[in-house]
Each structure stands twice: as structure tokens, then as C-alpha cells.
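Take a look at the structure below.
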Amino acid sequence: MDYQQILERIYQSILPYAKEGKQADYIPELAKVNPDQFGMSIHTIYGEEASIEQADTRFSIQSISKVFALAMCLSIKGDDLWLKVGKEPSGSSFNSLIQLEVENGIPRNPFLNAGAIVMADILYSHLENPEDDFLAFVRAVSGNETICYNQNVAMSERENGYLNAAIANLLKYHGTIENDIESVLHFYFMMCSIEMSCRELSLAFLAFANHRRKFNYAGIELTASQVKRMNAIMQTCGFYDEAGEFAYLVGLPGKSGVGGGIAAIYPLQYSVAVWSPRLNPKGNSVMGIKALELLTTETKESIF
Ligand code: GLU
């Protein structure tokens, strides 16, 4: 399979969508990003790689960081994690409060903001230096020591993060989180602020694409079965309330973020990351979804 040629063809086909959608602006720092950018990178478990356009430009990975948080929480807590957070798709938006209230402060899944704030609380309790340890894991799984937080993005989000603060308060009221709200939110926003390029993200996700290889990075170990289950959660919950549509169009487990990134995997074959800041109304990258839809259509490589 000539992935380089395929990616280049895909890029030409999706150019008509280049101005569709709108970048996230509820985090003021994200509104400053040039929306007219696109990058894509793919890595196979056999060592092939292809990248196009701005595949080496770093962007805010936002909710894609929730996959790394889930890996750490599963490694630390095992199945006890599921006492505090569910694993069902929500069908509601990523920052919704309604379901959380109705379901007594137990988030539907770890990829909702509420679920990720619970994971931030768990990691905050268990890690000696939460910010250092989280970054060390992301660096190890990516094989890249230069990956960093962007403090400006984290601060910008905190200053405007009224909805996430409301979610954290509701979680605290129900006893789902144990640490003080401000510390947990700060850590959550820092995790979301990590910046990576498509090439770096795709390489990191290769660890989830190959569950037959030992998963052990910076002391975070997962069994093959845990990696398989993480992929199941990416498939059912990874795309906000558009997980069904993404499964229908693309057919790969993955996770998106409001920075416009999407990372996905085809188990035992490849990992892929795509980035373009313009989002559709559900918060997923317009060009990103189009590119992945064409990738699985052209290659006939998807889980369905
Ligand atoms: N930091 C963002 C928030 O909490 C993440 C949203 C996302 O990428 O889905 O709203």
C-alpha cells in the first residue's frame, strides 16, 4: 500500500471543504490559531510511515489527552476505575451537565469532560508529581522528550472555564472527586493543553494499534486486554455525540479534540493522526473526518 500517494490524493479531494466549519473560540488562546491549516500522518506497525502538509506543526491536543489519562488510570486502578465513571456512549455534548446531574455525579464515560475531570482527580491522588508524571508518560509513549504543556492555553481555559468548574462542583457535591476543585481543574486544563504534531500523535497511538506488543511506558503498564478495551471505548465514546456518525463514516476507534486534531487506529495495522482547526457543530474537525473517511474507503482498511 503506498500510503504517501494515498494521503496526497486524499488531500486534493478534501480541499473543497477547506473553509467549512469554525475553529473553537471558547478558549481564547485557541481562537488565535490560523484555521487554514491541515496535517496528516500515518504509521503502520510494520514501520511504514507517510506524512503530508503540516504534519510537523504542533497544535493543542485538547481532549485527545483523555486517551493518555485513561491509559494511566487503567494501569493504576484497573477495573476499580469503573466504580467512578461509566463506559457507555453519552449521546450528549462533551461538556453537558444534565446527564451528570440525573445520574448522580457518575459520568457516562471517561472521554466526557466530567469523566476526564474524574480521571484528573484519580491521577492527582495517586501520582507523586501529577503534572511531571503525566507529561513523562506522554513523552515516553510518543518517544519524544520535547513534548510540552502550553501554560497559556491552560490559563486561558481556566479563566473562561465556567462550565468545567460547574461540572467539577457537581462531581465534588456527589463525592466522585476527592481533591480540591481548583487543583483538579488546573491539572485537567494542563493535560488538555499539551501540544503535539500529527506525526507525534500518530506515533504515540501506534502503542494502542498494536495490543500484541507489550505496553509499558514510563512505568505505565497495560495488558493486551486493557489496550483492547481502551480501543473499544475510543470506538463508542471518542467523538462526542457524533461517535455513531464517525463509526458510520470512518469505522476506526479514535479520539478527537476541539483543537481540531483526531487520532485513530486500525488495530494490528496502523495509527493515523489528522489536524485541521475548523470544526463542525459537534466539535469534530471537518477536514479531519473527511480525510479519515476517504482513507478507510480508499484503503478498504477499517474495522468494519
Ligand atoms: N479542554 C477542553 C474542555 O474542557 C477539551 C474539550 C475537547 O477537546 O473536547 O472544554
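These numbers come from a predicted model, not from an experiment. Start at 1 and go down the list; that is how both ligands and their atoms are numbered. Just so it is clear, the values below take in all heavy atoms, side chains as well, and ignore hydrogens, waters and symmetry mates.
- Looking at V258 next to ligand 1, an N or O pair under 3.5 Å apart turns up.
- Summary of contacts: the protein heavy atom closest to atom 3 (C) of ligand 1 is E157 OE2, 2.9 Å.
- The nearest protein atom to atom 7 (C) of ligand 1, hydrogens excluded, is given as S63 OG, 2.5 Å; this is a heavy-atom distance.
- Listed by number with element, the atoms of ligand 1 under 4.0 Å from a non-hydrogen atom of C192 are 1 (N).
- Counting non-hydrogen atoms of neighbouring residues, nucleotides and ligands closer than 6.0 angstrom, the CD atom of Q151 reaches no more than 12 such neighbours.
- Salt-bridge formation is not detected for the pair D180/K172: no Lys NZ or Arg NE/NH1/NH2 atom is positioned less than 4.0 Å from an Asp or Glu carboxylate oxygen.
- Between Y188 and ligand 1 there is a heavy-atom distance shorter than 4.0 Å.
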- Query: What do the steps show when you test Y248 against F246 for ring-ring contact (aromatic ring centres under 6.0 Å, His included), and what is the final call?
  - Reply: CA-CA 5 Å; Y248 177 81; F246 189 85; over 10 Å; no
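- Residue-ligand proximity, G257 to ligand 1, at heavy-atom distances under 4.0 Å covers atoms 8 (O).
- Within the 4.0 Å heavy-atom criterion, the part of N113 lying near ligand 1 is the side chain and not the backbone.
- Between R108 and E103, at least one side-chain nitrogen of the basic residue sits less than 4.0 Å from a carboxylate oxygen of the acidic one, meeting the salt-bridge criterion.
- Crowding of R158 atom CZ: a count of heavy atoms from other residues, nucleotides or ligands under 6.0 Å exceeding 12.
- Here the heavy atom of the protein found nearest to atom 10 (O) of ligand 1 is Y26 OH, 2.6 Å.
- Of all the atoms in ligand 1, the ones that sit under 4.0 Å from a non-hydrogen atom of N164 are 3 (C), 4 (O), 10 (O).
- Salt-bridge check for K282 with E245: failed, with every basic side-chain N at 4.0 Å or more from each acidic carboxylate O.
- Annotation for ligand 1: atoms under 4.0 Å from non-hydrogen atoms of Y240 are 7 (C), 8 (O), 9 (O).
- Taking distance alone, with nitrogen or oxygen atoms compared against 3.5 Å, K66 stays at or beyond that limit from ligand 1.
- Of the heavy atoms in I64, none comes closer than 4.0 Å to ligand 1.
- In this structure, K255 forms no cation-pi arrangement with F208, as its terminal cationic atom is not both closer than 6.0 Å to the ring centre and no more than 45° off the ring axis.
- For an aromatic pair to be called close, the ring centres must be under 6.0 Å apart, and Y217 with F215 satisfies this.
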